[in-house]
Amino acid sequence: MSKLLTEMLKGTLEGIVLASLSDRPAYGYEITARLREQGFSDIAEGTIYALLIRLEKRGLVDVEKVASEKGPPRKVHSLNAQGREYLEEFWGTWSFLTERLRQLREGGN
């Protein structure tokens with residue numbers, strides 16, 4: 001992954017993970033696998049786990065421990081109302097930025 005892409009992902013990964021959870025709840029490895037399927041192949045599992053802890057502490061996701069056939073219970077994360085509000089704000093900001101970048105690229109104001 002290029003250094004530029006890595007830096008850009010740092011600023012958007014929260015929104016990306018919340019968007020992934022907007023469809024259905026998931027545990028850390030499952031989120032990582034979904035993102036890899038969508039082309040985010042170099043995202044480390046540890047990065048996602050650390051981010052999920054931050055999202056939980058900020059009250060953007062709810063966590064439920066679910067029994068696992070292969071070891072300890074899994075922490076399944078789901079987007080809550082506060083997380084949905086944050087995600088809407090993220091998409092609004094993203095739309096604003098992409099429009100401004102498009103204008104800059106095309107040489108307009």
Side-chain angles (χ1 to χ4, degrees):
M1 184 181 316
S2 77
K3 183 173 178 145
L4 180 58
L5 181 58
T6 299
E7 290 302 313
M8 287 182 161
L9 275 175
K10 284 181 185 178
T12 58
L13 196 54
E14 272 187 1
I16 292 168
V17 169
L18 291 175
S20 174
L21 290 172
S22 68
D23 291 336
R24 66 181 193 274
Y27 56 95
Y29 178 78
E30 186 178 11
I31 294 167
T32 304
R34 282 186 202 170
L35 294 178
R36 287 179 179 163
E37 287 173 7
Q38 294 176 348
F40 297 101
S41 57
D42 291 337
I43 291 179
E45 214 174 307
T47 301
I48 298 301
Y49 285 115
L51 179 62
L52 288 169
I53 291 168
R54 288 195 307 272
L55 293 173
E56 182 181 354
K57 286 181 180 179
R58 290 178 51 204
L60 301 176
V61 296
D62 293 330
V63 178
E64 179 184 357
K65 289 194 176 186
V66 176
S68 170
E69 296 175 10
K70 301 178 182 178
R74 293 179 172 162
K75 289 175 73 173
V76 176
H77 299 79
S78 59
L79 196 59
N80 60 27
Q82 189 174 341
R84 287 191 190 285
E85 286 179 28
Y86 181 89
L87 183 57
E88 283 302 312
E89 184 178 343
F90 171 83
W91 286 130
T93 303
W94 183 259
S95 295
F96 172 82
L97 288 172
T98 55
E99 179 59 24
R100 299 294 108 35
L101 290 169
R102 184 193 60 75
Q103 288 175 358
L104 285 170
R105 185 176 188 183
E106 294 174 358
N109 294 326

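Every heavy atom of this structure was used, including side-chain atoms; hydrogens, water molecules and symmetry mates were not.
- Note: E88 CD to T93 OG1 = 11.0 Å, rounded to the nearest 0.5 Å.
- With sequence neighbours left out, T32 forms a side-chain hydrogen bond (donor to acceptor under 3.5 Å, both in side chains) with no residue at all.
- When all heavy atoms of P25 and R34 are compared, the pair lying nearest together is O-NH2, 3.3 Å.
- Heavy-atom minimum distance, L18 versus G83: CD1-O, 4.3 Å.
- Nearest heavy-atom pair across L21 and A26 is CD2-N, 3.7 Å.
- Looking at every heavy atom in both residues, L87 comes nearest to G15 through CD1-O, 3.7 Å.
- Panel note: side chain R100, backbone F96; a donor-acceptor pair is recorded below 3.5 Å.
- Interatomic distance, OG of S95 versus CZ of F90, reported as 9.5 Å (0.5 Å rounding).
- Contact check on K3 versus E7 returns no salt bridge, with no Lys/Arg side-chain nitrogen under 4.0 Å from an Asp/Glu carboxylate oxygen.
- You'll find the side chain of W94 reaches within 4.5 Å of the side chain of T12, heavy atoms only.
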Could you give the side-chain donor-acceptor pairs of residues 44-63 under 3.5 Å, partners two or more places apart or in another chain?
residue : atom : partner : partner atom : Å
E45     : OE2  : Y49     : OH           : 3.3
Y49     : OH   : Y29     : N            : 3.2
E56     : OE1  : K75     : NZ           : 3.4
R58     : NH1  : E14     : OE1          : 2.9
R58     : NH1  : E14     : OE2          : 2.6
D62     : OD1  : N80     : ND2          : 3.1

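- Between T98 atom OG1 and Q103 atom CD the span is 10.0 Å, to the nearest 0.5 Å.
- Atom OH of residue Y86 and atom CG of residue L79 lie 12.0 Å apart, to the nearest 0.5 angstrom.
- You'll find the side chain of I43 stays beyond 4.5 Å of the side chain of I16, heavy atoms only.
- L97 is not connected to L9 by any chain of hydrophobic side-chain contacts under 4.5 Å among Ile, Leu, Val, Met, Phe, Trp and Tyr, and they are in different clusters.
- Legend: residues meeting side chain to side chain contact (heavy atoms under 4.5 Å, CB included) with E37, ordered by chain and number and at least two apart, are absent.
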